[in-house]
Amino acid sequence: MKKVFAGLFIMMMGLFFVACSGAGDIKGVIEKAKAEGANWTEAQWKDAMKEAINAAKPMFQDLQDIQKKVEAAGSDAEAIGKIMEDAQKMQDKYKDLGAQFEEFEKIVEANPTAKKIMDDKAFQEELKKDLGFDLPDL
């Protein structure tokens with residue numbers, strides 16, 4: 001049964017990195033970063049990253065809710081099946097935002113200033129605090 005939970009947890013983490021859309025939309029941030037990001041200061045990059053993360057806040061909340069359900073399910077096969085259905089619905093719901101995050105991540109990785117900020121553990125903690133709940137490691 002532990003393998004089922006481990007598999008579900010891995011799937012959810014994959015969902016965090018691959019899936020996403022629905023309530024959030026970071027298209028505007030992406031467009032600005034493409035057009036102006038090369039000239040942005042650290043403060044401007046931090047603002048853009050916060051805006052992107054906040055766009056996905058509903059997705060992060062849904063992810064946390066599913067993780068709580070996994071913990072509560074124990075070894076109940078029926079509950080695990082329902083959680084898997086919920087996880088699939090979540091993946092479908094957030095698929096577009098995932099593509100947007102991947103595009104934004106490529107822009108961040110290509111910019112030395114942005115990459116330095118995203119690798120900063122203190123800034124990651126600040127993002128978690130701003131959201132009001134814990135995120136998986138970024």
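Below, each value reflects all heavy atoms present in this structure, side chains not excepted, and no hydrogens, waters or symmetry copies. All residue numbers in this chain count up from 1 along the given sequence.
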Discussion item. If you apply the rule side-chain contact (heavy atoms from CB on, under 4.5 Å), what do you find for E105 with V108, and how did you get there?
Written reply: CA-CA 5 Å; E105 183 179 9; V108 167; 5.6 Å; no
Worksheet item: Can F101 and D96 be said to form a side-chain contact (heavy atoms from CB on, under 4.5 Å), step by step?
Response: CA-CA 9 Å; F101 260 92; D96 293 336; over 6 Å; no
Item to complete: Applying side chain to side chain donor-acceptor pair (under 3.5 Å), run through D65 and Q61 and close with a yes or a no.
Response: CA-CA 6 Å; D65 291 346; Q61 186 63 57; 3.2 Å; yes
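Pairing each heavy atom of I83 with each of A73, the nearest pair is CD1-CB, 3.7 Å. Nearest heavy atoms, W45 versus A114: CD2-CB, 3.4 Å. When every heavy atom of T113 is checked against every heavy atom of N111, the shortest pair comes out as N-OD1, 2.9 Å. Residues M90 and L63 come closest through the heavy atom pair CE-N, 3.4 Å. Heavy atoms only, all atoms of each residue included: M118 and Q124 are closest at O-NE2, 2.9 Å.
Taken from CD1 in I117 to CD in Q44, the straight-line distance is 10.0 Å, to the nearest 0.5 Å. Put simply, NZ on K27 and CG on L97 are 10.0 Å apart, with the number rounded to the nearest 0.5 Å. In this structure, K89 NZ and I66 CD1 are separated by 10.0 Å, a value rounded to the nearest 0.5 Å.
A salt bridge does not link E126 to K46: none of the charged nitrogens lies less than 4.0 Å from a carboxylate oxygen.
Among residues two or more places apart in sequence or in another chain, the side chain to side chain contact (heavy atoms under 4.5 Å, CB included) test is passed with D47 by none. Here E42 pairs with K116 under the side chain to side chain donor-acceptor pair (under 3.5 Å) rule; sequence neighbours left out. A110 meets the side chain to side chain contact (heavy atoms under 4.5 Å, CB included) test with no other residue; sequence neighbours excluded. In terms of the salt bridge (Lys or Arg N to Asp or Glu O under 4.0 Å) criterion, residue partners of K82 (sequence neighbours excluded) are, by chain and number, D86. For the side chain to side chain contact (heavy atoms under 4.5 Å, CB included) test, no residue two or more places apart in sequence or in another chain qualifies with K106. D119 is linked by a side chain to side chain contact (heavy atoms under 4.5 Å, CB included) to K115, counting only residues two or more places apart in sequence or in another chain. Remark: D120 engages no residue in a side chain to side chain donor-acceptor pair (under 3.5 Å) (not counting sequence neighbours).
A side-chain donor-acceptor contact under 3.5 Å links Q88 and D92.
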If you look only at distance, which donor and acceptor atoms sit under 3.5 Å apart when one is on a side chain in residues 31-40 and the other is two or more places apart or in another chain?
| from | atom 1 | to | atom 2 | distance (Å) |
| --- | --- | --- | --- | --- |
| K34 | NZ | E103 | OE2 | 2.5 |

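The ring pair (Phe, Tyr, Trp, His ring centres under 6.0 Å) contacts involving residues 105-125 comprise nothing, where partners must be two or more places apart or lie in separate chains.
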